[in-house]
Amino acid sequence: MTEEKSLNFLEEIIEEDLRSGKYKTIVTRFPPEPNGYLHMGHATSICLNFGLTAKYGGYSNLRFDDTNPVTEETEYVDNIKADIKWLGFEWKNELYASDYFDTLYEYAIKLINKGLAYVDDSTSEEIALLKGTPTEPGKDSPYRNRSVQENLGLFERMKNGEFADGTHTLRAKIDMAHTNMLMRDPLLYRIKHAHHHRTGDKWCIYPMYDFAHGQSDSIEQITHSICTLEFVPHRELYDWLIEKLEIYPSHQYEFARRNLSYTVMSKRKLLQLVNEGYVNGWDDPRMPTISGMRRRGFTPASIRNFCDRIGIAKRENVTDFSVLEFFLREDLNHAAQRVMAVLDPVKLIITNYEDGKTEEFQSENGPDEASGTRTVPFSKELWIEREDFMEEAAKKWFRLAPGAMVRLKSAYIVRCDSYDKDADGNITAIHCTYLPESRSGNDTSGLKVKGTIHWVSVQHALSAEVRLYDRLFKVENPSSEEGDFKDYINPDSLQIVNAFVEPSLKNAGKDDRYQFLRKGYFCLDEDSTAGQLVFNRTVTLKDAWAKEAQK
RNA sequence: UGGGUUAUGGUGUAAAGGUAGCACAACAGAUUUUGAUUCUGUUUGUCUAGGUUCGAAUCCUAGUAACCCAACCA
């Protein structure tokens, strides 16, 4: 069986580079800025960068792009590393752009000596003004033609801390009339008297992204530097700097960032959700962050499979959330232990079952024979799901209704005889008779019932808090709607219920995955304690009845 | 007449002049002690207009639309 899988455009480039002998082996890097948490968009990049070197040989570095000390913190570094490991990837070297600050400083001096960089005393407003606009050329700064000696002296004084923040910058000397705004004498260094999470107070000048990223790539001899489409205009500058500096020629390639429907994926927006209390932190299970998805119960494999399947290209896109859910369910279907839990309980009383009697049934743990069985206790009074009973059976309804029969999973067939209602019209109890000869495993009743429902024995049940999560936004693309994206938050994205779960869940483990039969996939939340079980719903099961009911 | 990038079913992604394919979604059916899973089948697409060619998603010409670029952020 040779299944031919087509290549994406990056794989094509790499295969050509390998074939032509341009490279013997490839090196990529994942370059997060340690100023926030990783999200699903980063996962795409991680899978891509690490996946490429795994496929073609070579290795990937983890490099923190820590050139802005004001926003960056070590706490983020640790979380980012944990997230990448959890996703299942290993970097060859853990590196920091700040490791290269000395080299970068020398590069700057080289540029000054070549007459290709100058110190500008303009304020940021003045610089912006002289920059022009996309449709109008810029004008030269009055400081543009300083001598090499003067520039050298000023740059050194910048480094020595003789100037206040914002008073001087080092700029490349390219062309103020260039059609590419980034080539209009871009800033290379700025003054920031700030404490850096790694270099401390050694520096008060810090390189800009454009004077750090490509140079770091070059220093690490990255062969394929992969980034998102908004960096396309930077490539011209990326190449210019490498050429003028005469350093190892890394090459930049761009792909379109991945968007997911019903969520937002920018650090800025996610930060707002956290800061303004719409969610409970970066790892809130509704967040598209790696940590949030982990807490929600996503598996690393489901995320990796998703990234592989949706592919990579250069056009704008919004991937349907259902694709992610598909890979989640696919993985969980095999990984999850089956258990019974009733989320919206109503009491079912078996009138012809002996008072005080208890039986034990064996129920399968999973779809594969190998997953084995577990013991579930049964008695006269059970909790069942309120939605599994209808006073008047609908068309195609094959659950409980007056006169109707259902199978209690792994136990007996019961028939509904009557039910109790309170003054408000709420069902308070359902009375049934059971068929002793329909015992699961040796059913001699000869009856075939269409419906099977889950249950939990009242006297054996454990109570648990269950957090039911739904999509965070009501619309597919909150960012493209009128007004503020937060206006489209789904008010029902979290619903907390008190459920009854089968006693085997007493020993639920942190990494265990469960399928609450017929209800969805769940995992233990970190808020869970010995006295109070707390479960998160990862994702529901597909529900054919819900669709039928809508008709 | 700023520059750049991109256009293939509802969504994502293939097809390097030769049968428009795959996945998700949707729909129909079979199996089912989970209305799950599994299995079978069906619907839906090349931005527009010209041109080259026996033959065009692909090549040419002219349009159109969307996105990115004017942070001492990355």
Side-chain angles (χ1 to χ4, degrees), chain A residues 5-8 12 31-33 35 65-68 70-72 120 123-124 127-129 131-138 165-171 178-184 187-192 206 208-210 212-213 227-236 254 256 258 261 267-268 309-327 329-330 333-334 338 340 363-364 366-367 396-399 406-411 413 438 440-441 443 448-454 476 515-520 540-549:
Chain A
K5 199 174 178 282
S6 53
L7 304 176
N8 65 45
E12 278 177 10
E33 185 189 8
N35 72 343
D65 240 335
D66 55 351
T67 58
N68 186 356
V70 179
T71 56
E72 295 153 2
D120 196 332
T123 63
S124 73
I127 289 176
L129 217 59
K131 197 140 212 169
T133 69
T135 52
E136 300 163 58
D165 289 9
T167 55
H168 300 263
T169 54
L170 182 74
R171 300 178 71 178
H178 202 111
T179 52
N180 180 349
M181 295 289 289
L182 278 149
M183 298 297 275
R184 321 241 263 228
L187 270 60
L188 268 22
Y189 265 93
R190 77 290 215 191
I191 301 170
K192 274 182 195 281
Y206 293 93
M208 299 286 290
Y209 167 84
D210 286 303
H213 197 98
C227 60
T228 46
L229 237 34
E230 67 267 29
F231 290 95
V232 168
H234 292 254
R235 189 175 62 232
E236 195 170 10
E254 312 86 9
R258 309 301 320 204
S261 62
K267 238 185 241 179
R268 203 191 94 252
R309 195 67 190 82
I310 61 176
I312 207 73
K314 298 182 84 157
R315 71 179 110 144
E316 216 184 310
N317 60 80
V318 182
T319 301
D320 207 297
F321 202 82
S322 63
V323 183
L324 218 202
E325 289 183 332
F326 169 82
F327 287 103
R329 292 188 181 114
E330 181 185 61
N333 180 41
H334 295 287
R338 312 288 127 129
M340 293 199 280
S363 193
E364 329 76 77
K396 293 195 184 174
W397 174 261
F398 40 89
R399 277 118 91 155
V406 292
R407 156 84 56 190
L408 295 171
K409 174 70 184 173
S410 299
I413 292 175
S438 67
S440 189
D443 183 346
K448 277 225 152 115
V449 293
K450 203 89 161 89
T452 299
I453 65 172
H454 60 279
E476 274 197 30
Q515 184 194 106
F516 288 2
L517 229 57
R518 305 205 302 134
K519 297 311 293 181
T540 60
L541 257 29
K542 282 222 247 173
D543 190 347
W545 167 248
K547 272 182 202 161
E548 187 63 38

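Each chain gets a letter, A, B and so on, in the order its sequence line appears, and its residues count up from 1.
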Counting any heavy atom closer than 4.0 Å, what does [X] reach on the DNA or RNA strands: base, sugar-phosphate only, or nothing?
X        : answer
A:Thr452 : sugar-phosphate
A:Val318 : sugar-phosphate
A:Lys192 : sugar-phosphate
A:Arg184 : nothing
A:Phe231 : base
A:Tyr209 : base
A:Thr169 : base

Worksheet item: Can you check whether A:Ile413's main-chain N or O pairs, donor with acceptor, with A:Ser438's side chain at less than 3.5 Å?
Response: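 A pair under 3.5 Å: yes.
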Got a donor-acceptor pair under 3.5 Å from the side chain of [X] to the base of [N]?
X        : N     : value
A:His454 : B:A36 : no
A:Glu364 : B:U33 : no
A:Arg309 : B:U13 : no
A:Thr319 : B:U11 : no
A:Arg518 : B:G35 : no

Worksheet item: Toward the 5' end of RNA chain B, which comes first, A:Thr71 or A:Leu182, by nearest nucleotide?
Response: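 Between the two, 5'-proximity favours A:Leu182.
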Worksheet item: Between A:Pro134 and A:Ser438, which has a closest nucleotide on RNA chain B that is more 5'?
Response: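 Nearest-nucleotide comparison on RNA chain B picks A:Pro134.
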Discussion item. Check this for me, if you would: do A:Lys542 and A:Glu325 make a salt bridge, where the nitrogen-to-carboxylate-oxygen distance has to be below 4.0 angstrom?
Written reply: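 So A:Lys542 does not pair with A:Glu325 through a salt bridge.
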Any side-chain N or O of [X] below 4.0 angstrom from OP1/OP2 of [N]?
X        : N     : answer
A:Arg235 : B:G3  : no
A:Arg190 : B:C73 : yes
A:Arg338 : B:U37 : no
A:Arg171 : B:C72 : no
A:Lys547 : B:A26 : yes
A:Lys131 : B:A71 : no
A:Thr67  : B:A74 : yes

Worksheet item: Side chains of A:Thr319 and A:Arg258: is there a donor and an acceptor less than 3.5 Å apart?
Response: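 A:Arg258 and A:Thr319 do have a side-chain donor-acceptor pair below 3.5 Å.
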Discussion item. What's the closest nucleotide to the side chain of A:Arg407 if the choices are B:U33, B:C72, B:A36?
Written reply: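 When the side chain of A:Arg407 is considered, B:U33 is the closest of B:U33, B:C72, B:A36.
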Worksheet item: Nearest-Å distance, NZ (A:Lys314) to P (B:U8)?
Response: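 Value for this atom pair: 16 Å.
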Practice prompt. Report the distance from atom CG of A:Asn68 to atom C1' of B:C73, rounded to the nearest whole Å.
Written response: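 Going from A:Asn68 (CG) to B:C73 (C1'), I get 6 Å.
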Discussion item. Could you check whether A:Phe231 and A:His213 have their ring centres less than 6.0 Å apart?
Written reply: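 For A:His213 and A:Phe231, the ring centres are not under 6.0 Å apart.
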Worksheet item: Within a strict 4.5 Å, meaning less than it, do heavy atoms of the A:Asn68 and A:Lys192 side chains meet?
Response: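 In short, these two side chains touch, coming nearer than 4.5 Å.
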Worksheet item: Tell me, do A:Trp397 and A:Trp545 make a side-chain contact under 4.5 Å, heavy atoms counted?
Response: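 Yes, side chains in contact.
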